[in-house]
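Positions are given from 1, in the same order as the sequence printed here.
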Amino acid sequence: MTDAPNDAPDSPAPPIAAGPKIAKESIWEVYYPFNSDAEKDGVPVASFPMIIYFWPTLLAFLVCGLVQSIGSAEAQSVTLGWWATGALTFNLMVIVTDLDQKKFAIVLLLVLLACAGLYVGRLKGWAILGDVGHWLASLQVSYSTAAYLVVGSSLLFFFVLGMLQPRLNYWRLEPNEFVHYVQPWGRDQSIPRLGSTVTREVPDVLELILTFGGGTLAIKREGQVVARIQHVPFLGKRMKSIERLLGVTRVQQT
């Protein structure tokens, strides 16, 4: 007994599920990583100038100038003067020092011990600490309204000028290569993806805080650093897109 031939047409093959849609990234993502959870064809990232860390001083001087222009009481001007001076001192400390996690913890502990010492000295009536406290309280730190606005406007000018640089000088991390662009000339350098690694470095905790989770992106090839992209804001958020991008190798069809 032989089986009868099956004249029925072959059943259609099941449809192949389409992969995730790859979104086209925007060059403006050098400033902020929009849609970091989406699949992208490339991740733009740029090195920012150190003026990016001076936004606290910039805001302090502009705000103090505007507030002081409303009222000119002496007590108000001294309070604002201390705020502006404190912001400037903090920014200078960020630029001069490099506090990694260990050093930052030590400095924080020393500050807490100093505050505790001042509190105990005030309760015990220690003469030296009391004299230092009176001397600091007697300082009449103040700036004129014009000084606030001039310094704040100068910082704003250089801040805007510095923010233009990443738009013209940036990297584009692609699945198969890392390309450096310098506008308006275009491609300046290309590093093959194969054999290269991308790591995040956090040389300073204060810089990490001021850039909202920023840091330095190091591109290494055969154990050697071939490119270092410094002072990158929101780098922690960008790493999601970078890790997802580097997890695949795409084939171009011709």
Run the side-chain donor-acceptor check on residues 203-210: report pairs under 3.5 Å with partners two or more places apart or on a different chain.
| unit_1 | atom_1 | unit_2 | atom_2 | d |
| --- | --- | --- | --- | --- |
| Asp204 | OD1 | Leu206 | N | 2.8 |
| Asp204 | OD1 | Glu207 | N | 2.9 |
| Asp204 | OD2 | Leu99 | N | 2.6 |
| Glu207 | OE1 | Tyr53 | OH | 3.3 |

Under 3.5 Å, which donor-acceptor pairs do the side chains of residues 182-189 form with other protein atoms, sequence neighbours left out?
| unit_1 | atom_1 | unit_2 | atom_2 | d |
| --- | --- | --- | --- | --- |
| Gln183 | NE2 | Tyr170 | OH | 3.1 |
| Arg187 | NH2 | Glu177 | OE1 | 3.4 |
| Asp188 | OD2 | His180 | ND1 | 3.1 |

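Residue pairs meeting the side chain to side chain donor-acceptor pair (under 3.5 Å) criterion with at least one partner in residues 100-111, sequence neighbours excluded, do not occur; the list is empty. Residue pairs that meet the ring-ring contact (aromatic ring centres under 6.0 Å, His included) test with at least one member in residues 198-219, sequence neighbours left out, are Trp55-Phe212, Phe212-Phe234. The side chain to side chain donor-acceptor pair (under 3.5 Å) contacts involving residues 144-166 comprise Gln68-Thr145, where partners must be two or more places apart or lie in separate chains.
The shortest distance between side-chain heavy atoms of Ser47 and Arg228 does not fall below 4.5 Å. Looking only at side-chain heavy atoms (C-beta outward), Leu235 and Leu217 come within less than 4.5 Å of each other. For the pair Leu66/Val63, no side-chain contact is recorded, criterion being any heavy-atom separation below 4.5 Å from C-beta on. Annotation: side chain of Lys220 is not in contact with side chain of Val226 (no heavy-atom distance under 4.5 Å). Side-chain contact check for Phe54 versus Val94: every heavy-atom pair is 4.5 Å or farther apart. Annotation: side chain of Asp98 is not in contact with side chain of Phe104 (no heavy-atom distance under 4.5 Å). Considering only heavy atoms from C-beta on, Trp28 comes within 4.5 Å of Arg167 through its side chain. For the pair Thr211 and Ile52, the minimum side-chain heavy-atom distance is below 4.5 Å.
Between Tyr32 and Phe34, the distance from one ring center to the other falls under 6.0 angstrom.
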Test side chain to side chain contact (heavy atoms under 4.5 Å, CB included) on Phe48 and Tyr31 and set out the steps.
CA-CA 9 Å; Phe48 282 67; Tyr31 297 104; 3.8 Å; yes
For Leu155 and Thr57, run side chain to side chain contact (heavy atoms under 4.5 Å, CB included): C-alpha distance rounded to whole Å, both residues' side-chain angles, the deciding distance at 0.1 Å, then the answer.
CA-CA 8 Å; Leu155 288 174; Thr57 303; 3.6 Å; yes
Pair His231-Thr216, side chain to side chain contact (heavy atoms under 4.5 Å, CB included): steps then yes or no
CA-CA 6 Å; His231 318 305; Thr216 297; 5.5 Å; no
Decide yes or no on side chain to side chain contact (heavy atoms under 4.5 Å, CB included) for Phe178 and Arg172, but give the supporting numbers first.
CA-CA 6 Å; Phe178 309 139; Arg172 187 175 186 269; over 6 Å; no
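Looking at every heavy atom in both residues, Arg238 comes nearest to Pro44 through NH1-O, 3.8 Å. Residues Ala227 and Ile191 approach most closely at CB-CD1, 4.3 Å, considering heavy atoms. For the pair Val232 and Ala46, the tightest heavy-atom approach, listed with the atom from each and the gap, is CG2-O, 3.5 Å. Contact between Pro192 and Ser196 at its shortest, heavy atoms only, is O-OG, 2.7 Å. When all heavy atoms of Ala87 and Pro56 are compared, the pair lying nearest together is CB-O, 4.1 Å. Here the shortest heavy-atom pairing between Pro175 and Asp41 reads CD-O, 3.4 Å.
Taking CG of Leu59 as the reference point, atom CG of Leu156 lies at 9.5 Å (rounded to 0.5 Å). Atoms OG1 and CG, from Thr197 and Leu246 in turn, are 9.5 Å apart once rounded to the nearest 0.5 Å. Considering CZ of Phe61 and CH2 of Trp83, their distance stands at 14.0 Å, rounded to 0.5 Å. Note that CG of Leu113 is 6.5 Å distant from CG of Leu110, once rounded to the nearest 0.5 Å. Going from atom CD1 of Ile51 over to atom CZ of Phe159 covers 7.5 Å, rounded to the nearest 0.5 Å.
Placement of Met163 and Val160 within a single hydrophobic cluster is found when ILVMFWY residues are connected by side-chain heavy-atom separations under 4.5 Å, directly or transitively. Residues Leu149 and Val141 fall into different hydrophobic clusters, defined by Ile, Leu, Val, Met, Phe, Trp and Tyr side chains chained together at heavy-atom separations under 4.5 Å. In the hydrophobic cluster analysis, where Ile, Leu, Val, Met, Phe, Trp and Tyr join through side-chain heavy atoms closer than 4.5 angstrom, Leu168 is grouped apart from Leu173. Leu80 is connected to Val78 through a chain of hydrophobic side-chain contacts under 4.5 Å among Ile, Leu, Val, Met, Phe, Trp and Tyr, so both are in one cluster. When hydrophobic clusters are built by joining Ile, Leu, Val, Met, Phe, Trp and Tyr residues whose side-chain heavy atoms come closer than 4.5 Å, directly or via intermediates, Val107 is not grouped with Val96.
A side-chain contact (heavy atoms from CB on, under 4.5 Å) with Leu92 holds for exactly one of Leu88, Ile95, Thr89; it is Leu88.
For Leu194, the CG atom is loosely surrounded, since the number of other residues' heavy atoms within 6.0 Å does not exceed 12.
Checked against salt bridge (Lys or Arg N to Asp or Glu O under 4.0 Å), Arg221 has no partners two or more places apart in sequence or in another chain.
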